[in-house]
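By convention here, the first residue in the shown sequence is residue 1. Only this structure's heavy atoms are used, side chains among them; waters, hydrogens and symmetry mates stay out. Ligands are counted one by one from 1 in listed order, and the atoms in each one are counted from 1 as well.
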Amino acid sequence: MTYQNYSLKQLQAIDAAHHLHPFTDHKDLRAAGSRMITHADGPYIYDSEGNEILDGMAGLWCVNVGYGRNELAEAAYRQMKELPFYNSFFRCTTPTPVLLAKKIAELAPDNINQVFYGSSGSEANDTALRLVRHFWALQGKPQKNRIISRNMAYHGSTIAGASLGGMGGMHEQLGGAVPNVVHVMMPYAYELALPGENDHDFGLRAAKAVEDAILEAGADNVAAFIGEPVMGAGGVKIPPASYWPEVQRICRKYDVLLMLDEVITGYGRTGEWFAAQTFDLEPDTITTAKALTSGYQPLSALLVGDRIAATLVEKGGEFYHGYTYSGHPVACAVGLENIEIIQREGLVERVKNDTGPYFAKALQEHLGDHDIVGEVRAIGLMGAIEIVKDKATKERFEPSGSAAVVVRDHAIANGMMLRATGDTMIMSPPLIWTRDTIDLACERIRKALDLAKADLFRSK
Ligand code: PXG
């Protein structure tokens, strides 16, 4: 590649002329020009101007083993030379998706032993939606096809993903969502708990919203409930401990399938291989992608529970669904190597026993008392910082969503990549972060908060 022959200005001009970006206001982008990330190593990314930035988002919630892993490049290279592609249709397959499926089944909750591949989380959720509806049709209940999801859920950006998700702006642009998906309240105590309501009771009330939606439709018409164990793009919303056990109880009571979307939480982020294990759940499906390859290759795996898988085999008949790249041998070779790295380096245990608890404590101690911080919360290596104008009343800066962008821009300028969503800063660093990296991150974020505070109150 010869991008080094181009100046930043030239690359930006070509970008503007030819490249439409995901989730971007292109008018804004033209005015600002894009930031060009050119290389990365360990926990750091570097831009075309040579700035070193600590990557608090692991790329986009995915680079769990950090950057610059030669083993992953070599696994891809070896597989490309031996067999760059063959499909898994028509009674064929190749060895790497087979071995990766076995590996994932060993790590997954006990009731899960099968895997269906795609290339993205959105594709995997499309598979999940079709599969649960197909399951009920095979059971002789084709009308049992309603899906219950939640407001502010993010399940991807294909039409199925956006329909399952609960993002209003995305629905408006869909021109017709997939029918029979409904959304209930999210378990977000910071904003939705009633005055005097404790976390436990709030969690039960949020779970009750799922039961109400089942009763409203009639259990015979509800296929499944889908949820991210911890809502990610919606703002790292960690549910109260009472929420998931109650949701699972309700699903079982009404024979509604439980679908977890672990595209963000899968492969160690919460201190277990899957957040299903963190919350002690036995879901019927688990959607995974991102950290399955640490983002080094596009790959998703829908983990399919025994009940659904057994029905496919018993009832037979073709499931008319799949992608050219389902089980792509190169992506799966990288996935296998990635999981081996996570195992070899004990990264899941490290998050659970060391860096996860340290991260939660550090955010609390270094940032929790800041004047424009309403709340910090963390689970594993996933964290959120609520930005407020007034700590006591939780009043936000106007207009909504603007303050977090100010914090983010100061953070990046000070060598810290954070993501802003609404009025919340969110973090999802690589699992290779050490206590020292966490301290450095807190230092840089504190500085960004100080600078943002000065800006935000000056402009009032
Ligand atoms: N489910 C969840 C829970 C996700 O977080 C997807 C599905 C879709 O995955 P793909 O691979 O199709 O993008 C995601 C993706 C953000 C952001 O801004 C988050 C995602 C994607 C893009 C941006 O936080 N999550």
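Note on Glu337 versus Arg69: no salt bridge recorded, every NZ/NE/NH1/NH2 to OD/OE distance being 4.0 Å or above. Between Arg307 and Asp255 there is a salt bridge, since a side-chain N of the basic residue sits under 4.0 Å from a carboxylate O of the acidic one. We find that Arg396 and Glu191 are joined by a salt bridge, their nearest charged nitrogen and carboxylate oxygen being less than 4.0 Å apart.
Atoms of ligand 1 found under 4.0 Å from any heavy atom of Ser120 (numbered from 1 in listed order, with element): 11 (O), 12 (O). Atoms of ligand 1 found under 4.0 Å from any heavy atom of Asp261 (numbered from 1 in listed order, with element): 1 (N), 2 (C), 3 (C), 7 (C). Taking every heavy atom of Ser122 and a limit of under 4.0 angstrom, the matching atoms of ligand 1 come to 8 (C), 9 (O), 10 (P), 12 (O). Those atoms of ligand 1 with a heavy atom of Asn125 less than 4.0 angstrom away are 1 (N), 7 (C).
Heavy-atom contacts from other residues, nucleotides or ligands closer than 6.0 Å to CD1 of Ile159 number 12 or fewer.
By the criterion of a heavy-atom distance under 4.0 Å, the side chain of Lys290, and not its backbone, is placed next to ligand 1. Residue contacts with ligand 1, taken as heavy atom pairs separated by less than 4.0 Å, involve Ala233 via backbone and side-chain atoms alike.
When hydrogens are left out, the protein atom nearest atom 3 (C) of ligand 1 is Tyr154 O, 3.2 Å; that is the closest non-hydrogen contact. What sits closest to atom 5 (O) of ligand 1 on the protein, heavy atoms only, is Ile264 CD1, 3.2 Å. At the shortest separation from atom 16 (C) of ligand 1 among protein heavy atoms lies Arg419 NE, 3.0 Å.
The shortest N/O to N/O separation between Glu123 and ligand 1 does not fall below 3.5 Å. Ligand 1 has an N or O atom lying under 3.5 Å from an N or O atom of Gly121, backbone or side chain. Below 3.5 Å of separation, one finds no N or O of Glu228 facing any N or O of ligand 1. Below 3.5 Å of separation, one finds no N or O of His155 facing any N or O of ligand 1.
There is a side-chain donor-acceptor pair under 3.5 Å between Glu211 and Tyr254.
The cationic group of Lys394 lies under 6.0 Å from the six-membered ring centre of Tyr190 and within 45° of the ring axis, placing it in a cation-pi geometry.
Within the 4.5 Å cutoff, no side-chain heavy atoms of Leu312 are placed close to those of Phe135. Between Asp423 and Val388, every side-chain heavy-atom pair lies at or beyond the 4.5 Å cut-off.
When atom types are taken as modelled, the side chain of Trp244 and the backbone of Pro229 share a donor-acceptor pair closer than 3.5 angstrom.
Using a 4.0 angstrom heavy-atom cutoff, Trp61 counts as in contact with ligand 1.
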Test salt bridge (charged side-chain N to carboxylate O under 4.0 Å, His left out) applied to Lys447 and Glu443, step by step = CA-CA 6 Å; Lys447 183 160 177 209; Glu443 213 174 278; over 6 Å; no

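The closest non-hydrogen atom to atom 22 (C) of ligand 1, taken over Leu60, Val236, Ile226, Ile426, comes from Leu60.
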